[in-house]
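Notes to accompany the following structure.
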Amino acid sequence: KQAKLKDIVNMKIDEQLQMTIFEIVEKHGESPKVANKIIAWIESIAEGNENVFDENSYKKFLELIYDNMESNKDDLNEY
């Protein structure tokens, strides 16, 4: 059966996807805070609270992620 749109909108992120996000973030030497923020943003999109096509929405998300990243802070400060 194909999922209905209303079911998809109210869906939480799959546990396997969450674990994968944590693994990737850890592999790149970042804090679990970064993974938590990515997961929260994806869930917010799924719930209809964020719009990936809204430039302000994804810029706010990227700034939040960059602020919590450790490995690339020096590189980011160059721009």
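Computed from heavy atoms alone, side chains included, the values below leave out hydrogens, waters and symmetry copies.
- In this view, Asn36 and Phe22 satisfy the side-chain contact (heavy atoms from CB on, under 4.5 Å) rule, not counting sequence neighbours.
- Here the NZ atom belonging to Lys37 is positioned 13.5 Å from the CE atom belonging to Met69, to the nearest 0.5 angstrom.
- Of the inter-residue distances, the one linking Ile65 atom CD1 with Glu63 atom CD reads 11.5 Å to the nearest 0.5 angstrom.
- Here Met19 contributes atom CE and Glu15 contributes atom CD; the two are 7.0 Å apart, rounded to the nearest 0.5 Å.
- Remark: Ile42 pairs with Ile13, Ile21, Ile38 by the side-chain contact (heavy atoms from CB on, under 4.5 Å) rule, at least two apart or across chains.
- Cluster annotation: Leu62 and Val34 are assigned to the same hydrophobic cluster (Ile/Leu/Val/Met/Phe/Trp/Tyr, side-chain heavy-atom contacts under 4.5 Å, transitive).
- With sequence neighbours excluded, the residues satisfying side-chain contact (heavy atoms from CB on, under 4.5 Å) with Gln16 are Asp14, Thr20.
- Residues satisfying the side-chain contact (heavy atoms from CB on, under 4.5 Å) test with Asn56, not counting sequence neighbours, are Asp54.
- When the ring pair (Phe, Tyr, Trp, His ring centres under 6.0 Å) test is applied to Phe61, the partners found at least two apart in sequence or on another chain are Trp41.
- Legend: residues meeting salt bridge (charged side-chain N to carboxylate O under 4.0 Å, His left out) with Lys33, ordered by chain and number and at least two apart, are absent.
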